[in-house]
Amino acid sequence: MSHARFQEDFFGRDVLEVIPELLGKYLIRKFDDGTIHKYLITEIEAYRGEEDLACHASKGRTNRTEIMYHDGGHLYVYLIYGIYWMLNIVTGSKNNPQAILIRGIEGFDGPGKLTKHLKIDKSFNGENLVTSDRMWIESNTEKINVGFKTYPRVGIDYAGEIWKNKPWRFILSDNL
DNA sequence: GTTAAGATTCCG
DNA sequence: GGAATCTTAACG
């Protein structure tokens, strides 16, 4: 099969619409040595708008969150705890800050672990998944319908009961 | 300029 | 449970 890279229209919708569809799809990484690897996306979380107190954009538009205000399809990458890079995919329309945190891919569970393996760093912040030659998303032709379960998001105790309890963490089930 | 806290992981 | 480790944002 030729490339089935996802385009702007996929990422441009509301994050809650995109997130169940992103599960079970492939994250493609082309490393500097030219090798291309495909990773099944197994665990992701949604962060939705300024009203979502767990979303970084809840504090408004800053240099850090600027990328989330762009239209969908860009990457939002930041360092957490001084050690780990977090990989997020921006979704939604322009000036509508949303993102999906990639928490797990096949073989590498944990947002900090997978970015280490994928060699993600700050240079990926703002990367465009539609035009990038080192990272993009492809459809999965083998598994059309995937099962998933939802859970509350992780590590956001500060966000208050309402947002803390939103079932916006999606995990791929053993499917079909 | 200083400081507090964080979308995590590993070790004990 | 605690440390590692550094960027961001909120002070002033």
S.K.: Side-chain donor-acceptor pair under 3.5 Å between Y69(A) and E50(A), yes or no?
M.R.: yes
S.K.: To the nearest Å, how far apart are L53(A) CG and dA7(B) C1'?
M.R.: 14 Å
S.K.: Do M68(A) and Q98(A) have side chains that get closer than 4.5 Å, going by heavy atoms?
M.R.: no
S.K.: Is a salt bridge present between K25(A) and E138(A), judged by a nitrogen-to-oxygen distance below 4.0 Å?
M.R.: no
S.K.: Name all stems that contain residues of DNA chain B, defined as runs of 3 or more consecutive Watson-Crick or G-U wobble pairs, both distances under 3.5 Å.
M.R.: B:1-6 with C:6-11, B:8-11 with C:1-4
S.K.: Using whole Å, what does the distance between atom P of nucleotide dA7(B) and atom CZ of R169(A) come to?
M.R.: 15 Å
S.K.: Hey, are the side chains of R61(A) and N95(A) touching, using non-hydrogen atoms and a 4.5 Å cut-off?
M.R.: yes
S.K.: Does R103(A) count as lying over the ring of F170(A), i.e. NZ or CZ under 6.0 Å from the six-ring centre, within 45 degrees of the axis?
M.R.: no
S.K.: Scan nucleotides 4-12 of chain C nucleotide by nucleotide, 5' to 3', and note B when protein non-hydrogen atoms come under 4.0 Å of the base, S if they reach only the sugar-phosphate, - if neither.
M.R.: BBBSSS---
S.K.: Less than 3.5 Å apart, which donor and acceptor atoms pair up between the side chains of residues 154-168 of chain A and the rest of the protein, not counting sequence neighbours?
M.R.:
unit_1  : atom_1 : unit_2  : atom_2 : d
Y158(A) : OH     : A54(A)  : O      : 3.4
E161(A) : OE1    : N165(A) : ND2    : 3.4
W163(A) : NE1    : E51(A)  : O      : 3.4
N165(A) : ND2    : E161(A) : O      : 2.9

S.K.: What integer distance in Å separates Y47(A):OH from dG6(B):P?
M.R.: 13 Å
S.K.: Mind calculating the distance between CG (D157(A)) and P (dG1(C)) to the nearest angstrom?
M.R.: 12 Å
S.K.: In whole Å, what is the span from the CZ atom of F108(A) to the P atom of dT9(B)?
M.R.: 13 Å
S.K.: Are any of the side-chain heavy atoms of K113(A) and Y84(A) separated by less than 4.5 Å?
M.R.: no
S.K.: Between the main-chain N or O of L129(A) and the side-chain N or O of S132(A), is there a donor-acceptor pair closer than 3.5 Å?
M.R.: no
